[in-house]
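Below is one structure; the comments refer to it alone.
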Amino acid sequence: MADWKTLLAPHPRVRLLVQGAPVADGSCVLYWMQRAQRAKANPALNLAIALGNSLKLPVWAVFGLTPSYPEAQRRHYRFLIEGLVDTQADAAQLGVPLVVRLGDPPAVVLKAVEESRPAVVVGDENPVRIGQCWRAKVAESLSQRARPIPFPVVDADVVVPSSLFPKEEYAARTIRPKIHRVLHEWLKPLPVIKAKTPWPTDESGQGGPPQGEPITVEHLMGQIRVGGVGEVPNYPGGTREAERRLQRFVAQRLARYGKDRNEPIPYMTSELSAHLHFGHISPLTIALAVQKEAEEAGVAAETKASVESYLEEMIVRRELAINFVARNPKYDSLAGCPDWARATLAKHANDPRPKLYTATQLERAETHDPLWNAAQKEMTLTGRMHNYLRMYWAKKILEWSPDPETAFAVALDLNDRYEMDGRDPNGYTGVAWAIGGKHDRPWSERPIFGTVRYMSYDSTRRKFDSERYIAYVRGLERGGSLPLGD
DNA sequence: ATCGGCTCGCGCAA
DNA sequence: TGCGCGAAGCCGAT
């Protein structure tokens, strides 16, 4: 069994936010689960368990659930809580109790530290601003104690650790070769480790296992009482559902993914982005399952090409998006976009806008464009939008808004509140790509867009079966009004 | 149906 | 310093 020094030695996937030796008379190891909301293939939980086994201490996990996460809506909370049910069960299999407490996450964690006196606190990485802020608060408090508590944070939700890309990457072409150079080192399954040191069960009440009620969805939903955008039927969160979707993708869709991923109906994609967003499944688990298909004997060339293009999307482009959010503090505004794009948009700021829609008109899908309206309604009704249309949707918001800053804010707000994977690095990057030319190059100059790439309804119709898609969304609408925010 | 130009800047070769 | 080429396209020429 590795000793703690080995476990806390420098590693690309681990940042030691508070350094030092485990607290000598600590009574446990505490894992603060933030981003990686799963017990399977979770290297942060693995580190906590390995440290517990090494120090002969029991391990517990705490999740702080705040009812005031920015922009989060009822549909997101239900999805998240459904995930916690699976995760509590899976963690118990590993000998780790998972306790969910309501409140501001740093406060929840620090209270858990007071009551259980851990030797080490383990965290996981989350590149968005609020995640960085929460971790900084916890790190500061842990470091300023009379006996500082070491606080390693594990980059659990990327295949290739993001520390290998310390600067903001300019485009996919700059990060792609760096990823491919080292990918083979990271495309390896994680071990399954169980906690070996049981919680004491003495009668005194001292040092007993942390008391966490079994999570039930309705109970927690009742406790947090959040409003906002309504829930989505038939779109459950959790590791179990993520595994189902992965199986479905590999068995039924992968072979055709390369060719047919833009098919409107049925989707040929994995539809795992929300589960990835909440950490219900590891991108490593997905990558290994998909890659295995390419290695089967006698596999069709088409399947091999599909695997390649899927891994390009799920590793290169997803991790580029994470790099953008982690390294550019202005990731959620036009200010985070490249100079050439901001200059050209400014030059065209006073171009007449033949069509102008307010945020409310857009939210209600009340534009002249049936394809755009269908995409907006699909998102509102189902919590997701066809990948191909996400680009078109955001570019039209630029075209129909008084200025690019407003367009950026409106697109991001709709994305964050309605998409089940809202507030994900992919969403920030998608809007920045469409409106601010992020990771893109200039094209022919034209009104409003300047040299930012343009997309047109007519051309979209050539590459995409718009009629079929519009009819499909009309079917979704039947018999119900849009679940708009309150 | 296919092709080239559009337009900027990174990263590598030299 | 020069040069190739690029997160998902558009448009007009052929």
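Every value quoted in this text rests on a predicted model; they were computed, and no experiment measured them. These values consider heavy atoms only, across backbone and side chains, with no hydrogens, waters or symmetry-generated copies. Proteins come first, then strands; the chains are lettered A, B, ... in the order of their sequence lines, and each starts at number 1.
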Between CZ on residue A/Arg38 and CG on residue A/Leu98, distance to nearest 0.5 Å
13.5 Å
Rounding to the closest angstrom, what is the interatomic distance between C/dA8 and B/dG11 at atom C1'?
23 Å
If you write DNA chain C from 5' to 3' in dot-bracket form, with Watson-Crick or G-U pairs under 3.5 Å, [ ] for crossing pairs and | for pairs with another strand, what do you get?
||||||..||||||
Is a salt bridge present between A/Arg245 and A/Glu241, judged by a nitrogen-to-oxygen distance below 4.0 Å?
yes
Residues A/Gln376 and A/Tyr418: side-chain donor-acceptor under 3.5 angstrom
no
Those residues of residues 420-448 of chain A lying under 4.0 Å from DNA chain C by at least one heavy atom:
A/Thr429, A/Trp433, A/His439, A/Asp440, A/Arg441, A/Trp443, A/Arg446
Integer angstrom distance from the P of C/dG6 to that of B/dC3
16 Å
Quick one about A/Tyr267 and A/Asn387 (side-chain donor to acceptor, distance below 3.5 Å, no hydrogens or angles considered), yes or no?
no
What is the distance from CD1 of A/Ile175 to P of C/dG6, rounded to the nearest Å?
17 Å
Between B/dC10 and C/dG9 - P atom distance, rounded Å:
24 Å
Distance, P atom - from C/dG4 to B/dG5, rounded to whole angstrom
13 Å
Taking 4.0 Å as the cut-off, does a side-chain nitrogen or oxygen of A/Thr451 come that near to OP1 or OP2 on B/dT7?
no
Polar contact flag, side-chain donor to acceptor under 3.5 angstrom, A/Thr87-A/Gln37:
no
P atoms of C/dC5 and B/dA14, separation to the nearest Å:
14 Å
When the distance from CG of A/Leu389 to C1' of C/dG9 is rounded to whole Å, what number comes out?
15 Å
A/Ala171 near the nucleic acid: base, sugar-phosphate alone, or nothing, with a heavy-atom cut-off under 4.0 Å?
nothing
Check every strand shown and say whether A/Arg318 touches a base, only sugar-phosphate, or nothing at a heavy-atom separation below 4.0 Å.
nothing
When rounded to whole Å, the OH to C1' distance for the pair A/Tyr454 and C/dA7 reads 19 Å
Could you tell me whether the phosphate oxygens of B/dT7, OP1 or OP2, come under 4.0 Å of any side-chain nitrogen or oxygen in A/Arg453?
no
Output the rounded distance in Å from CE (A/Met314) to P (C/dA7).
18 Å
Rounded to the Å, how far apart are A/Tyr457 OH and C/dC10 P?
14 Å
Separation between the P atoms of C/dG12 and B/dT7, rounded to whole Å:
15 Å
Can a donor-acceptor pair be found between the side chains of A/His348 and A/Glu445 at a distance below 3.5 Å?
yes
Regarding A/Arg135 and A/Gln132, is there a side-chain donor-to-acceptor distance under 3.5 Å anywhere?
yes
Touch check for A/Met455, heavy atoms < 4.0 angstrom, all strands: base, sugar-phosphate only, or nothing?
sugar-phosphate
Taking the six-membered ring of A/Tyr331 as reference, does the cationic atom of A/Arg129 (NZ for Lys, CZ for Arg) lie under 6.0 Å from its centre and within 45° of its axis?
yes
Taking protein heavy atoms under 4.0 Å as touching, what does nucleotides 9-14 of chain B look like 5' to 3' if B marks base contact, S marks sugar-phosphate-only contact and - marks none?
BBS---
State whether A/Lys137 and A/Glu140 are salt-bridged, where the test is any N-O pair (Lys NZ or Arg NE/NH1/NH2 against Asp/Glu carboxylate O) under 4.0 Å.
no
Using only heavy-atom distances, determine whether the side chains of A/Asp369 and A/Tyr392 contain a donor-acceptor pair under 3.5 Å.
yes
Using salt bridge (Lys or Arg N to Asp or Glu O under 4.0 Å) as the criterion, point out the one residue from A/Lys178, A/Arg176, A/Arg327 that pairs with A/Glu169.
A/Lys178
Atom CD of A/Glu308: over 12 foreign heavy atoms under 6.0 Å:
no
